[in-house]
Enquirer: 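For reference, the structure I am asking about is given below.
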There are 2 protein chains.
Amino acid sequence: MKDITPQQQKVLDCIQVYINKTGFPPTRADICRELGFKSPNSAETHLRALEKKGFISIESGASRGISINNPEITHLENEYPIVGLVAAGSPTLASENVEKVLNCPKGFFGSDFDYFLRVRGLSMKDAGIMEDDLIAVKKTQEIKNGDIVVARIEDEVTVKYFQRSAPNIIHLKPANEEFSDIEVNLEETELYIEGKSVGLIREN
Amino acid sequence: MKDITPQQQKVLDCIQVYINKTGFPPTRADICRELGFKSPNSAETHLRALEKKGFISIESGASRGISINNPEITHLENEYPIVGLVAAGSPTLASENVEKVLNCPKGFFGSDFDYFLRVRGLSMKDAGIMEDDLIAVKKTQEIKNGDIVVARIEDEVTVKYFQRSAPNIIHLKPANEEFSDIEVNLEETELYIEGKSVGLIREN
DNA sequence: CATTATACTGTATAAATATATAGTATAATT
DNA sequence: AATTATACTATATATTTATACAGTATAATG
């Protein structure tokens, strides 16, 4: 299946929502109304593009003859490793620490991400991050103050709020009164940011 | 719902089969072809009878505007609707409230589930459920004390811990000190359990 | 630079479709 | 005996709808 463009995704979503709402697929005019197009041909061309790329099927001649093609599951692309936060000293992403893999559609959390990290402890409790939750981690160094980051301090890995207080001073702040801030002086201590949290999954 | 006649049952089955086969409802002519009628009005009168008895809804003027009335929220495989919690007084799980759909592998949360509910408010904050989180809801009446349930009290829908304190007394307990317990006397107040939470997704 | 894909507006029309009206016939209620 | 619901045929028509054709514009590609 070829790549879908943002507009085509919008149209595809619109069709799905319309079917969920009404029980039957939209007409070209319905799509125009929902998405603000002024010509039925705008919908038509998008539909033909979606059909060509394999996302939908169109029954020729039939009114509302649109049906969504169920995409195949189990793409290796969509298999993300679940990494367990293990005892200090181990390199976090070593394969020994991969609990299992989880099938998850690409772009599930809006942003891209690289792996799931299983959370230990309640230091981010007030941010709604509980023990055993899975954090979707994006490997990046583009961190803003307030981001929830996966940080490694000399082999110990933690999840905390990130705050740069001075050029060389980073505060890693928990979201739980019972825990205290970690102050890292970059001149004394080695700090490595593994990435930041872009989403969360909890399995009850 | 009134009694259905054998012929009407045939027509209803025909509609269901047609939707399953093609993804969209039949026209009058389609029904005639399937069931061997020679006049579109044969289908029309059956449809009107089925509508009158509440088995189907017909969108006037729209082509293929037939939908089968079951209060269930239906969805394609792996496409789960996201239902928004709207203002009190509205029937919350009505299909009008479907924000969009989310592709999610089956069995993602171990247990099966039926739809996502977008959480409003912070009444379950200490359970790690924050505003705008998506709760994976399984429609079931098998509820144990301590389960997180989606409960409806006279048109108002909330997410709370479930606790049966006496045969006729249910406590709906928030996970936030700033909110107070809701005590429901089943003899006085109508309580409907929409389902229970089996998982959670947060998009940062 | 020419070509192709995307993303639209605007207009037109043949085909698809819902739906009304006019009948016929049978069985079940009132 | 009269009314009502069911179960159809047959025909007609206004509306809905898909879809083609003619354009404009922009970005990407070879």
Side-chain angles (χ1 to χ4, degrees), chain A residues 1-69 106-107, chain B residues 1-69:
Chain A
M1 230 183 256
K2 283 186 188 173
D3 277 351
I4 197 168
T5 68
Q7 277 303 308
Q8 287 164 5
Q9 184 67 58
K10 261 193 175 176
V11 173
L12 188 58
D13 286 348
C14 168
I15 296 166
Q16 183 68 64
V17 167
Y18 193 101
I19 293 172
N20 275 329
K21 268 205 248 185
T22 67
F24 43 88
T27 63
R28 275 60 168 171
D30 291 330
I31 295 170
C32 289
R33 202 180 322 104
E34 294 290 328
L35 298 180
F37 301 153
K38 288 176 185 168
S39 162
N41 193 42
S42 302
E44 177 72 15
T45 49
H46 281 129
L47 290 176
R48 292 300 160 189
L50 284 167
E51 188 193 31
K52 203 174 167 189
K53 290 179 177 178
F55 291 97
I56 62 172
S57 297
I58 301 174
E59 175 90 358
S60 182
S63 67
R64 302 175 188 273
I66 306 166
S67 50
I68 292 177
N69 289 342
K106 202 169 177 162
Chain B
M1 238 183 251
K2 283 185 187 173
D3 277 350
I4 197 168
T5 68
Q7 277 303 310
Q8 286 163 6
Q9 184 68 59
K10 261 192 177 180
V11 174
L12 188 58
D13 288 348
C14 168
I15 297 166
Q16 184 69 68
V17 166
Y18 193 100
I19 292 172
N20 282 337
K21 266 203 271 186
T22 67
F24 43 88
T27 64
R28 275 63 168 170
D30 291 330
I31 295 170
C32 290
R33 202 179 323 106
E34 294 290 328
L35 298 180
F37 302 154
K38 288 177 185 169
S39 161
N41 192 42
S42 302
E44 177 72 16
T45 49
H46 281 130
L47 290 176
R48 291 299 159 190
L50 284 168
E51 187 191 31
K52 204 175 169 188
K53 290 180 177 176
F55 291 97
I56 62 171
S57 297
I58 301 176
E59 174 88 0
S60 182
S63 68
R64 302 176 188 273
I66 306 166
S67 49
I68 293 178
N69 286 342

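Order of the sequence lines fixes the chain letters, A, B, ..., with proteins taken first and strands second; residue numbering starts at 1 for each chain.
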Enquirer: So which atom in B:Phe24 and which in A:Pro25 form the shortest heavy-atom distance, rounded to 0.1 Å?
Expert: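 It is CB-CD, 3.4 Å.
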
Enquirer: Can you give me the first and the last nucleotide of DNA chain D (5' to 3') that has an atom within less than 4.0 angstrom of a non-hydrogen atom in chain A?
Expert: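 The contacted stretch runs from D:dT17 to D:dA22.
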
Enquirer: How far apart are the C-alpha atoms of B:Asp30 and B:Thr22, what are their side-chain angles, what is the distance that settles it, and do they pass the side-chain contact (heavy atoms from CB on, under 4.5 Å) test?
Expert: CA-CA 12 Å; B:Asp30 291 330; B:Thr22 67; over 6 Å; no

Enquirer: Whole angstroms only, please: what is the CG-P distance between A:Leu47 and C:dA7?
Expert: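 Interatomic distance, CG of A:Leu47 to P of C:dA7: 13 Å.
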
Enquirer: Set out, in order, the CA-CA distance, both residues' side-chain angles and the distance that settles side-chain contact (heavy atoms from CB on, under 4.5 Å) for B:Ile15 and B:Asp13, then state yes or no.
Expert: CA-CA 5 Å; B:Ile15 297 166; B:Asp13 288 348; over 6 Å; no

Enquirer: Using a 4.0 Å heavy-atom cut-off, write out nucleotides 15-23 of chain C from 5' to 3' as B (base contacted by protein), S (sugar-phosphate only) or - (no contact).
Expert: -SSSB-BB-

Enquirer: Mind checking ring pair (Phe, Tyr, Trp, His ring centres under 6.0 Å) for A:Phe37 and listing every partner two or more places apart, or none if nothing turns up?
Expert: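 Partners of A:Phe37 under the ring pair (Phe, Tyr, Trp, His ring centres under 6.0 Å) test: A:His46.
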
Enquirer: What nucleic acid atoms does B:Ser42 come within less than 4.0 Å of, heavy atoms only: base, sugar-phosphate, or nothing?
Expert: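 Here B:Ser42 touches the bases of the nucleic acid.
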
Enquirer: Between the side chains of A:Ser63 and B:Arg64, does any donor sit under 3.5 Å from an acceptor?
Expert: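 A pair is found: one side chain offers a donor N or O, the other an acceptor, under 3.5 Å apart.
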
Enquirer: Is A:Glu34 reaching over with its side chain to a backbone N or O of A:Ile31, donor-acceptor style, under 3.5 angstrom?
Expert: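 Not confirmed, A:Glu34 side chain does not pair with A:Ile31 backbone.
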
Enquirer: Could you go through the side-chain contact (heavy atoms from CB on, under 4.5 Å) check for B:Gln16 and B:Ile68 one step at a time?
Expert: CA-CA 8 Å; B:Gln16 184 69 68; B:Ile68 293 178; 3.2 Å; yes

Enquirer: Show your reasoning for whether side-chain contact (heavy atoms from CB on, under 4.5 Å) applies to A:Ile19 and A:Ile66.
Expert: CA-CA 10 Å; A:Ile19 293 172; A:Ile66 306 166; over 6 Å; no

